[in-house]
Novice: 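One structure follows; several queries about it will come next.
This one's a predicted model, so the numbers in the text were calculated from it and none came from an experiment. FYI, side chains are in, hydrogens and waters are out, and symmetry mates aren't considered; it's all heavy atoms of this structure. Numbered from 1 within each chain, the chains take letters A, B, ... in sequence-line order.
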Protein chains: 2
Amino acid sequence: MLGASQVIGANSHGAHIAASAASSSADTADRFERGTIRRIEAKEHVFCDGDPRTHVFRIEEGVIALSKLLGDGRRQIIEFAYPGDYIGLGTLREHIFDAQATCPAKVRCLSAAALEQEASRDAGLALRLYKAVSAELAAARSLLVSVGQQSAMERLAGFLLSLSARASDAEENVVKLPMRRSDIADLLGLTIETVSRTITKLRTMHVIDVVRGTEVHILDSDRLAELAGQ
Amino acid sequence: MLGASQVIGANSHGAHIAASAASSSADTADRFERGTIRRIEAKEHVFCDGDPRTHVFRIEEGVIALSKLLGDGRRQIIEFAYPGDYIGLGTLREHIFDAQATCPAKVRCLSAAALEQEASRDAGLALRLYKAVSAELAAARSLLVSVGQQSAMERLAGFLLSLSARASDAEENVVKLPMRRSDIADLLGLTIETVSRTITKLRTMHVIDVVRGTEVHILDSDRLAELAGQ
DNA sequence: CGTTCATTTGAGTGAAGTCAAACCGAGTGG
DNA sequence: CCACTCGGTTTGACTTCACTCAAATGAACG
C-alpha cells in the first residue's frame, strides 16, 4: 500500500498482546485470552469515562470507538478498535475515555488486575504490553498529524486507505464502513456534512463508488493515495 | 489545577522510566540512567525520521520537539519533551519522527538494544517502559482532542495551562516559552499568525502579560481555565 | 405506509488561513 | 556608539475552507 506510514485511527497491525510466532511464554498469554465473551449492541458502551478500570477487553467482532466527550457535546474519537485489538490498556485506576460500539460487537473480558499482576512477574508479557501500547501510540500520533495538518479531502482519503489496509476480510478494494458518518466526522475532526460532501466529491471524481452508504469500492487506489497526501 | 485532564503536548508527569519510590530493581534502572551526555544546539536534530533507532534519550536540559514533517513542508509537532522525559521509546527499528531542540539542550544517551535486552529479562523494567509509553499515549490523545475539537483560543489557553502545570521551576503563574511561535503553531495545528493574534487577544483581555515574547505571566488563571474549555 | 434515523444537498457565514508589510530586539561591524 | 542586518513577531487586508442552519432525500423497520 502506498504511503504506508499513514495509519488513521487504527493500529498498524493491531495492538496484539498475544505472543507472535514462537514464544517461551505462550501459555501465560493464553491464560489471558480466555475471558468471558460479552455481546455489545450498536451504540452501547463497553465502559465510560471515569469508570474504574477493572477489565481489559479484546475485540472479537464489530468495531468499538474510543472517544472523549467535551462538556458541550463535542466529541473526538481517538481510535476505532477492530477485532484483535485490545482496549482499556494503561496504568490509570480509571478509564479516561468512552468506549462505545459503532455496530453490534463482541468483546472478550480480561481481568486488568490479574493481567498486571502477571506482567509484574513475567517480563515477556510485560514486553508485549509495552509493544501493544507503543503501536497504539504510533496510531494516535499518526491521526494527530492528519487532524492537525491535512485538509478534509486528505483526511478522508487517508482514512479510507487505512481501513482498506487493515480490514483484510473481504475482497481487495472493498472497504466496509461499520460506523455512522458522525463517527467518521468525530474521528477526523470534521462535521458530518463535510464528510458527506467529501465522499460525494470522491464519487463524482470516480475514485470510489459507494453502495448502500456503508460499502466503499475503491476504483482508483493510486489517485486515492495521491489525494491522501504524503 | 482546574480541568486537570487536559494535558497538551506534554506527559502528565513525564514519561519516567526510573523506578518511583521503593522498587526491587532500582539498581537495574540506575544502570540505564548512566549514559553519555550530549549537548544539542537550538534547532539541531537529536535524531531524524528514518534514522535507525539506536538510542533512547532522556532530556536533561532544554526542550526537544518531536515532529512529523510532511512532503510539502507542513509540520506537526507531536510533543514537547521536557527534562525528565524520555524520547525514542518504542519497538520499531527506525525512528518515525524528527526530534529537534527548540532551544539549547542536553540529553543523556542510553543504548536502545541494551535497554530492551534487559527489559526482556527484568519484568519490573519492562513494566516501567509500559507505563512510560502509556503516559505518552495519554498525552498524545489529549492533544488530539484539542486539535480535533477546540478553537484557537481554547487550544492556546490549554497549552499555557499545561505548561504552567508541568514547568514547576520558577514562580507560580510564570510560564517560560522556550520555543518559537512556529513551534507552538505546529503543535496546536494553527499558523504563526493565529498564535500571535490569540496571544495578543489574551493580553488585551488582561488574562496574561508577555515579557520579551518568551515569558508569560498568568494574571487570571481562573479566566484562562474557562477559556481553555473543559 | 408512515415513522424514524441517517445521509445528502443547498445557501450563507465565519474562524482561521494567506499574503504582505511593519516592527522589534539582538548581534555585528564600521 | 550608531547603522545595518537578520530572524522572529506582530499587525493588517483579504480569501477560503469548512462550519452552521435548513430542507430534501433515502433507507430501515414496525
Novice: Any side-chain N or O of T194(A) less than 4.0 Å from the OP1 or OP2 oxygen of dC19(D)?
Specialist: yes
Novice: How long is the line joining CZ of R197(A) and P of dA6(C), in whole Å?
Specialist: 19 Å
Novice: Please give, in whole Å, the distance from dA16(C) C1' to M153(B) CE?
Specialist: 13 Å
Novice: Once hydrogens and angles are ignored, does a donor-acceptor distance under 3.5 Å link the base of dT9(C) to the side chain of R181(A)?
Specialist: no
Novice: If I take atom CG in residue L156(B) and atom P in nucleotide dA15(C), what distance separates them, rounded to the nearest angstrom?
Specialist: 17 Å
Novice: For the side chain of E193(B), counting heavy atoms from C-beta on, which of dA6(C), dT9(C), dC19(C) is nearest?
Specialist: dC19(C)
Novice: Roughly, in whole Å, what's the span from CD in E215(B) to C1' in dG25(C)?
Specialist: 16 Å
Novice: If the cut-off is 4.0 Å, is T200(B) near the phosphate of dT11(D), judged by side-chain N/O to OP1 or OP2?
Specialist: yes
Novice: Looking at every strand, decide which applies to L190(B) at a 4.0 Å heavy-atom threshold: base, sugar-phosphate, or nothing.
Specialist: sugar-phosphate
Novice: I'd like to know if R203(B) reaches the base of dT9(D) with its side chain such that a donor and an acceptor end up less than 3.5 angstrom apart.
Specialist: no
Novice: Over all strands shown, is K43(A) touching base, sugar-phosphate only, or nothing at heavy-atom distances under 4.0 angstrom?
Specialist: sugar-phosphate
Novice: Would you call V210(A) and L202(A) a side-chain contact if the rule is heavy atoms closer than 4.5 Å?
Specialist: no
Novice: Between dT20(D), dT18(C), dT8(C), spot the one nearest the side chain of T191(B), thanks.
Specialist: dT18(C)
Novice: Rounded off to whole Å, could you give me the CG-to-C1' distance for the D186(B) and dG17(C) pair?
Specialist: 14 Å
Novice: Rounding to a whole Å, what distance do you find between R74(A):CZ and dA15(C):C1'?
Specialist: 13 Å
Novice: Do R212(A) side-chain and dG26(D) base share a donor-acceptor contact under 3.5 Å?
Specialist: no
Novice: Pick from Q76(B), R180(B), R75(B), K68(B): which one makes a side-chain hydrogen bond (donor to acceptor under 3.5 Å, both in side chains) with D186(B)?
Specialist: R75(B)
Novice: Which is true for S196(A) with a 4.0 Å heavy-atom rule: it touches a base, it touches only sugar-phosphate, or it touches nothing?
Specialist: base
Novice: Quickly work out the L177(B) CG to dT9(D) C1' distance and round it to whole Å.
Specialist: 13 Å
Novice: If you draw a 6.0 Å radius around CD in E41(B), do more than 12 non-hydrogen atoms from other residues or ligands fall strictly inside?
Specialist: no
Novice: Considering only side-chain heavy atoms of A152(B), which listed nucleotide, dA16(C), dT18(C), dT8(C), is closest?
Specialist: dA16(C)
Novice: Rounded to whole angstroms, how far apart are CG on D183(A) and C1' on dA6(C)?
Specialist: 12 Å
Novice: Whether R39(A) and E44(A) form a salt bridge (side-chain N of Lys/Arg under 4.0 Å from carboxylate O of Asp/Glu) is what I want to check.
Specialist: no
Novice: Does the side chain of T198(B) reach to within under 4.5 Å of the side chain of R155(B), using non-hydrogen atoms?
Specialist: no
